[in-house]
Structures are given as structure tokens and as C-alpha cells.
Amino acid sequence: MPELVLGPILRYVSDTEAIVWVETDDPCEVEVLDHRAPTFGVEGHHYALVCVEGLEPGTTYEYGVSLDGEARWPEAGSEFPPSIIRTVDPDGRIDLIFGSCRVALPHHPPYTLPKDEDERGRGPDALHTLAVSMLESEPDRWPELVLLLGDQVYADEVSPQALQFIHSRRDTTRPPGEEVADFEEYTRLYWESWGDPVIRWLFSTTSISMVIDDHDMHDDWNISRSWLEEMRRRPWWQERVVGGLMSYWIYQFIGNLSPRELEENNLYRQVRQQDEAGPMLREFAAKDDREREGKRWSYYRDLGSTRLIVMDSRTGRELEEGHRS
């Protein structure tokens with residue numbers, strides 16, 4: 001029977017709709033609140049976005065996830081509160097929490113120490129701290145939206161667990177060394193970052209929006225034309241870019257869109273029609289890396305009477321000297 005690998009992650013939420021993202025270990029049909037979607041496959045991984053429609057504004061819904069009719073979430077014996085969808089109240093208050101730059105590390109010393117006490121330290125994980133504080137408070141104190149403003153994963157600074165995985169599959173004495181090399185290693189980064197039980201509960205019960213920044217790919221990505229030309233001369237860089245943009249599209253971007261925008265997205269429609277969408281996404285990622293149109297990853301969210309606009313300020317940069325924008 002299929003199992004959940006990652007998720008559920010509550011992505012888009014409006015006054016009447018929601019989208020739940022999951023990754024599974026086998027192809028299957030995913031069900032949330034009597035709404036269903038089949039998975040699509042990418043190089044041995046399986047994903048689905050379930051669009052839940054017909055909800056009431058300002059209402060809380062407990063939900064679970066079934067795969068091929070078998071309940072898989074919440075996990076048996078879970079110590080966490082039920083996962084919920086809280087639809088937007090058009091006339092209500094919206095609390096939004098934002099942050100960026102999260103290296104996924106174990107939640108204990110030496111990793112939680114300040115860097116001046118231990119070189120491995122990065123201080124407390126603010127996202128983990130948020131989740132713990134929510135567990136200790138009432139749902140009416142929880143934010144309606146968590147906005148993650150880039151560097152959700154660090155391709156150039158991986159966790160100890162991800163490093164073990166990298167060492168198990170290739171020679172790290174050759175470039176890119178102990179950094180991420182390809183799509184498969186990116187999937188491990190996301191699993192490390194979002195698979196922690198506390199983070200997983202947080203993502204299942206609070207709407208999450210995201211956007212890319214440099215460390216999702218490499219420090220100072222697209223900072224100048226000379227930087228980009230230098231990186232493109234490195235033989236491993238193209239595979240890194242393709243893997244990074246493929247994984248960004250799957251794990252982050254498509255969950256930012258509304259159900260209507262998903263249906264209108266040509267690439268998403270085509271991917272869902274493929275038995276294996278890897279070649280299509282590789283072609284898309286390679287092309288996207290060479291284009292500078294500046295709007296592909298931008299999106300908006302309507303939160304009651306407020307519109308949140310998230311602009312792509314990283315991939316769409318014009319880097320020509322004398323015409324940087």
C-alpha cells in the first residue's frame with residue numbers, strides 16, 4: 001500500500017478553497033475531505049495537489065489524508081492536534097508570519113548553539129519555535145499564513161543527514177563536493193527540511209506560501225553577469241540548476257497557485273498527463289534558467305480585503321552592464 005513520504009502541506013487557502021500538497025512513495029489516488037487527485041511521477045517520486053472546494057468562509061475543518069482509500073494521516077498514535085483548514089474570513093483579521101534563510105539542522109546542541117560557541121551552531125530554528133509556540137496556545141492565536149521568503153533549503157550548506165546521503169551515492173572529492181548536485185539530492189533536502197514531526201504538523205495546519213532565493217540554488221545566484229558566466233563554465237552547474245528549478249517548481253511554486261490558476265497552467269496540465277514527467281520538467285528548467293522575463297515565479301494571494309503580491313526578484317534579473325534591473 002502507498003505511504004506518505006512528505007506532507008500533507010496546506011498550501012493555498014482562500015475563503016472557499018484550499019490546496020493540500022503531498023509526496024507519496026508509489027502512484028495512487030489522494031483524498032482530502034472527499035476531494036481526490038491522482039499523483040504524478042517525477043524520476044521515482046510521486047506528488048499530488050488536492051484542490052478542496054465548496055468550503056464556508058471563516059470556518060475550521062479537521063481533515064485527514066487517504067491514499068487509495070486507506071487513511072494515512074494523521075499517523076497512528078500521533079501526539080499532535082488534528083490538522084485543520086481554516087478558511088479566510090473576508091471581514092476578519094489576518095495574521096501573517098514571515099521569515100527566510102532556514103538551514104535544516106537537528107534541534108539540539110551543538111546545532112542550536114550560537115556560531116561563536118560552536119562552528120556547527122546556527123542558533124534556534126525559528127520555524128520550529130513557531131510550531132512549538134502554536135502547540136502551546138489556542139488556535140485563535142495561530143497565524144493564518146506563514147510566508148517563507150526564500151532559502152527554504154540550502155543547496156550549498158546541507159544538513160548532516162543530507163551529507164550522509166550525498167556521500168552514499170557519489171565521490172565528494174570531485175565538484176560540487178559536499179553541496180547538492182542534482183534533483184535527487186534536492187528531494188533529500190526538502191525531506192530533511194520539512195519531514196521533522198513538529199514542522200510537518202505546522203505545515204499541515206497553517207497555510208504556507210513560498211518564493212525562491214539564492215541559497216535554494218547557490219550563494220549569490222544571479223548577482224551579476226560575470227558571476228553567472230563563471231558558474232556556467234563549471235561542468236556540474238547545469239545539472240544543479242536543472243535539479244534546483246525542477247524541485248522548486250514541484251515542492252514550492254505550484255502550491256502558491258489557486259485552483260483556477262493551476263487549471264490554467266499549461267505545464268501543470270501537461271505534467272499530470274505524463275506517466276513520467278521528468279523529461280518535461282528537465283526541459284522546462286533548462287529553458288527557464290536562460291530566460292529573463294521576470295514574472296514566472298511571481299504570484300499573489302487574496303486574504304480577505306488584502307492582496308499579498310510576491311515578486312520574483314531573483315530569477316528574473318537583467319544582468320547586462322548598463323541595463324541591470
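Note that these values count all heavy atoms, side chains included, but never hydrogens, waters or copies made by symmetry.
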Cation over ring face, Arg307 and Tyr300, 6.0 Å, 45°: yes
Could you pull out the closest heavy-atom pair between [X] and [Y], with the gap in Å?
| X | Y | result |
| --- | --- | --- |
| Tyr12 | Ser14 | OH-CB, 3.5 Å |
| Leu189 | Ala162 | CD2-CB, 3.9 Å |
| Trp221 | Ile212 | CZ3-CD1, 3.8 Å |
| Ile166 | Glu179 | CD1-O, 3.9 Å |
| Pro2 | Cys28 | CG-CB, 3.7 Å |
| Ile19 | Leu257 | CD1-O, 3.2 Å |

Is the shortest side-chain N to carboxylate O distance from [X] to [Y] below 4.0 Å?
| X | Y | answer |
| --- | --- | --- |
| Asp151 | Arg314 | no |
| Glu31 | Arg36 | yes |
| Arg122 | Glu157 | yes |
| Arg169 | Glu184 | no |
| Glu3 | Arg72 | yes |
| Arg225 | Glu229 | yes |
| Arg200 | Glu75 | yes |
| Lys287 | Asp289 | no |
| Arg282 | Glu239 | yes |

From CA spacing to verdict: side chain to side chain donor-acceptor pair (under 3.5 Å), Trp73, Ser83: CA-CA 9 Å; Trp73 185 270; Ser83 298; 2.8 Å; yes
Are the side chains of [X] and [Y] in touch, meaning some heavy atoms are under 4.5 Å apart?
| X | Y | value |
| --- | --- | --- |
| Leu267 | Phe284 | yes |
| Trp236 | Asp182 | no |
| Ile309 | Met311 | yes |
| Val5 | Trp191 | yes |
| Leu130 | Leu202 | yes |
| Ile97 | Leu145 | no |
| Val42 | Met246 | yes |
| Arg188 | Val158 | no |

Test log, rule side chain to side chain donor-acceptor pair (under 3.5 Å), inputs Thr24 and His46: CA-CA 5 Å; Thr24 65; His46 307 278; 5.4 Å; no
Test side chain to side chain donor-acceptor pair (under 3.5 Å) applied to Glu23 and His45, step by step: CA-CA 7 Å; Glu23 180 180 354; His45 299 263; 2.9 Å; yes
Given 3.5 Å as the limit, does a donor-acceptor pair link the side chain of [X] with the main chain of [Y], or not?
| X | Y | value |
| --- | --- | --- |
| Thr129 | Leu127 | no |
| Thr205 | Ile84 | yes |
| Thr87 | Gly58 | yes |
| Asp214 | Asp220 | yes |
| Asn256 | Met210 | yes |
| Thr206 | Phe203 | no |
| Arg240 | Val180 | yes |
| Thr60 | Arg86 | no |
| Trp194 | Leu6 | no |
| Arg301 | Val13 | yes |

Residue of the set Arg102, His215, Gln252 for which side chain to side chain donor-acceptor pair (under 3.5 Å) holds with Gln152: Gln252
In Å, rounded to the nearest 0.5 Å, how long is the span from [atom1] of [X] to [atom2] of [Y]?
| X | Y | atom1 | atom2 | value |
| --- | --- | --- | --- | --- |
| Ile94 | Asp89 | CD1 | CG | 7.5 Å |
| Ser209 | Phe98 | OG | CZ | 14.0 Å |
| Met217 | Met231 | CE | CE | 10.5 Å |
| Ile199 | Asp125 | CD1 | CG | 5.5 Å |

Verdict with reasoning, Arg170 to Glu185, per salt bridge (charged side-chain N to carboxylate O under 4.0 Å, His left out): CA-CA 11 Å; Arg170 60 179 172 86; Glu185 291 177 10; 2.7 Å; yes
Relative to the ring of [Y], is the ring of [X] parallel (under 30°), tilted (30 to 60°) or perpendicular (over 60°)?
| X | Y | answer |
| --- | --- | --- |
| Tyr248 | Trp297 | perpendicular |
| His108 | Tyr111 | perpendicular |
| Tyr251 | Trp21 | tilted |

Worked check of salt bridge (charged side-chain N to carboxylate O under 4.0 Å, His left out) between Asp95 and Arg93: CA-CA 7 Å; Asp95 287 321; Arg93 172 189 173 97; 2.8 Å; yes
Verdict with reasoning, Glu261 to Ser258, per side chain to side chain donor-acceptor pair (under 3.5 Å): CA-CA 5 Å; Glu261 290 169 320; Ser258 69; 3.2 Å; yes
Centroid-centroid distance, Trp227 to Trp237, less than 6.0 Å: yes
